[in-house]
K.L.:
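Quick one: structure below, then a few questions.
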Amino acid sequence: MTRLVLTRPDDFHLHLRDGAMLTGIAPETARDFARAIIMPNLVPPVVTGAQAAAYRERIAAALPGADFTPLMTLYLTEDTDPADVVAAHRAGIVTAVKLYPAGATTNSASGVRDFDRVRPVFEAMAEAGVPLCVHGEVTTPEVDIFDREAVFIDTVLDPIRRTHPGLRVIMEHVTTADAVDYVKSADAGLGATITTHHLIINRNSILVGGMKPHYYCLPVAKREIHRVALLEAAISGDARFFLGTDSAPHSDDKKECDCCAAGCFTATNTMPVLAEVFERAGALDRLDAFCGHFGADFYGLARNPGTLVLERRDTPTAFPAKIETGAGPVTVFNPGFPVHWRVVA
Ligand code: DOR
Ligand code: ZN
């Protein structure tokens, strides 16, 4: 197959940042995607409906004339007002709420330490049908970073889901076979996003032959067996697994330094790279549902009416190595293999 006509895709997990970085990188997503779930971990975080509405305006201003809908989220804190969440959701300002365990990742200091304190919010969300997006890692210092997702499932996520059976939960950027198995074992109300980069890199990609800061993200990539489990889930046709790129730009000075920020920036080449990955896996016919159907269905949104057309050429596609922004250059994810697909319409 040399031409692929897809439903215009959605990105169910995206970091757009703010200010000059937002202006510089937002077009990279809006070019190919119709909608994206926008992460709220700004500094300071987006915690109220009013802040989400203002952030949505700034995103729209950064994308004049673009046919792109940002789906806003609220950053859950121990002080979140359940009534504000429900009102913002009813008003169509907010699509979901994001749970960051405090200290788990970039700008997560205001996240949740004591999960009992957010029970009233979960109750209100379950009642009103507001989905919860979860960064699934414990932050307990004694727990090895490669085990943090699996421990989170047992000690935090499963208890929350048992206490609030009506809560719809999306396990974001799953990185382990444990998470895939957990999602598959659930009766209903649990989905998972999978990133582009976690389908491609494993922990060797980060650490062997010199450390690669542009492959460092959170949750960190795991062993090869886990990458294979993610790929199998992505190409399986199981509607509980869908695309959320977690494209997370940091300027090069924040990546290539003593304490490298977590995040891979995949917005620029995600769709061609995914086409290559699915083609190599013999599953090109499953790409459309993974990027354009399952996530919308899970969130109860209409599938996008538009299309995205990709073409395969014998000559590998040349993507920019960096996107220049007013906040500095951002390195584009390098999949480490030639990509023959390109977006043509
Ligand atoms: O790698 C990551 N980068 N993981 C996250 O959870 C946050 C994100 C960011 O905001 O940079
Ligand atoms: Zn993220």
K.L.:
Any donor and acceptor pair, going by atom type alone, linking the side chain of Y215 with main-chain N or O of N204 inside 3.5 Å?
P.N.:
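Pair absent, no side-chain N/O of Y215 close to backbone of N204.
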
K.L.:
Quick check on side chain to side chain contact (heavy atoms under 4.5 Å, CB included): which of I38, V94, I93 does R56 satisfy it with?
P.N.:
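Answer after filtering I38, V94, I93: I93.
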
K.L.:
Measure up the F152 and F115 rings against each other and bin them: parallel (under 30°), tilted (30 to 60°), perpendicular (over 60°).
P.N.:
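F152 vs F115 ring planes: perpendicular.
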
K.L.:
Is the side chain of Y216 donor-acceptor paired with the backbone N or O of C264 at a distance under 3.5 Å, no angle test?
P.N.:
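Between the backbone of C264 and the side chain of Y216 there is no qualifying donor-acceptor contact (under 3.5 Å).
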
K.L.:
Have D314 and H340 got a donor and an acceptor in their side chains that come within less than 3.5 Å?
P.N.:
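On atom types as modelled, these side chains do not qualify, holding no pair under 3.5 Å.
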
K.L.:
Any donor-acceptor pair under 3.5 Å linking the side chain of R303 with the backbone of G292?
P.N.:
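The answer is no, because no donor-acceptor pair under 3.5 Å joins these two groups.
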
K.L.:
H164 vs F122 aromatic rings, parallel, tilted or perpendicular, using cut-offs 30° and 60°?
P.N.:
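It falls in the perpendicular class, over 60°.
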
K.L.:
When the aromatic ring centroids of F290 and F278 are compared, is their separation below 6.0 Å?
P.N.:
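Aromatic pair counts; centres sit under 6.0 Å.
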
K.L.:
Taking atom types as modelled and ignoring hydrogens, do the side chains of T7 and D288 form a donor-acceptor contact shorter than 3.5 angstrom?
P.N.:
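The answer is yes; a qualifying pair exists.
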
K.L.:
Regarding R223 and the six-membered ring of F146, is the cationic atom NZ or CZ under 6.0 Å from the ring centre and inside 45° of its axis?
P.N.:
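No, a cation-pi geometry is absent between R223 and F146.
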
K.L.:
Taking N202 for its side chain and R227 for its backbone only, find out whether a donor-acceptor pair lies under 3.5 Å.
P.N.:
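Checked: no pair found.
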
K.L.:
Any side-chain donor paired with an acceptor under 3.5 Å for K222 and T175?
P.N.:
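T175 and K222 do have a side-chain donor-acceptor pair below 3.5 Å.
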
K.L.:
Please find the pair of heavy atoms, one from I200 and one from P335, that lie closest to each other, and give the distance.
P.N.:
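Where I200 meets P335 most closely, the heavy atoms are CG2-O, 3.5 Å.
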
K.L.:
Please confirm whether the backbone N or O of V220 pairs with a side-chain atom of R148, one donor and one acceptor, at under 3.5 Å?
P.N.:
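No; zero donor-acceptor contacts below 3.5 Å.
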
K.L.:
Do T317 side-chain atoms and V339 backbone N/O form a donor-acceptor pair below 3.5 Å?
P.N.:
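Answer holds: yes.
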
K.L.:
Tell me the closest heavy-atom pair linking A62 and T23, and the distance in Å.
P.N.:
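Nearest heavy atoms, A62 then T23: CB-CA, 4.1 Å.
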
K.L.:
Are side-chain N/O atoms of S110 and T77 paired as donor and acceptor at under 3.5 Å?
P.N.:
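Checked: S110/T77 side chains show no N/O donor-acceptor pair below 3.5 Å.
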
K.L.:
For Y100 and Y75, take the angle between the two ring planes, folded into 0 to 90°, and tell me which bin it lands in: parallel under 30, tilted 30 to 60, perpendicular over 60.
P.N.:
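Tilted, since the angle between the ring planes falls between 30° and 60°.
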
K.L.:
Check for a donor-acceptor pair, side chain of T80 on one end and backbone N or O of L76 on the other, with a separation under 3.5 Å.
P.N.:
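Looks like no, no N/O pair under 3.5 Å.
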
K.L.:
Verify, without hydrogens or angle tests, whether R35 (side chain) and P70 (backbone) share a donor-acceptor contact under 3.5 angstrom.
P.N.:
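Absent.
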
K.L.:
Do you know the tightest heavy-atom contact between L16 and L14?
P.N.:
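Minimum heavy-atom separation between L16 and L14: CD2-CD2, 3.6 Å.
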
K.L.:
Quick one: do the T48 and D84 side chains pair a donor with an acceptor below 3.5 Å?
P.N.:
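Absent: no donor and acceptor within the cut-off.
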
K.L.:
When you measure from the side chain of E149 to the backbone N and O of T176, does any donor-acceptor pair fall under 3.5 Å?
P.N.:
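Yes; judged by distance alone, with no hydrogens or angles, the pair exists.
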
K.L.:
Would you call the rings of H135 and H173 parallel, tilted or perpendicular, where under 30° means parallel and over 60° means perpendicular?
P.N.:
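Correct class here is perpendicular.
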
K.L.:
Quick one: does any side-chain atom of N107 pair with a main-chain N or O of N41 as donor and acceptor, under 3.5 Å?
P.N.:
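Yes: the side chain of N107 pairs with the backbone of N41.
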
K.L.:
Below 6.0 angstrom between ring centroids: does that apply to H226 and H198?
P.N.:
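Ring centres of H198 and H226 not closer than 6.0 Å.
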
K.L.:
Hey, are the side chains of I170 and P131 touching, using non-hydrogen atoms and a 4.5 Å cut-off?
P.N.:
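The answer is yes, as the side chains (C-beta and beyond) meet within the 4.5 Å cut-off.
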
K.L.:
Quick test of your reading of the model: are D252 and K255 salt-bridged, counting only N-O distances below 4.0 Å?
P.N.:
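Looking at K255 together with D252, the answer is no, because their closest N to O distance does not fall below 4.0 Å.
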
K.L.:
Testing T196, T195, T193, V273 one by one against T245 for a side chain to side chain contact (heavy atoms under 4.5 Å, CB included), which residue passes?
P.N.:
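Option passing the side chain to side chain contact (heavy atoms under 4.5 Å, CB included) with T245: T196.
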
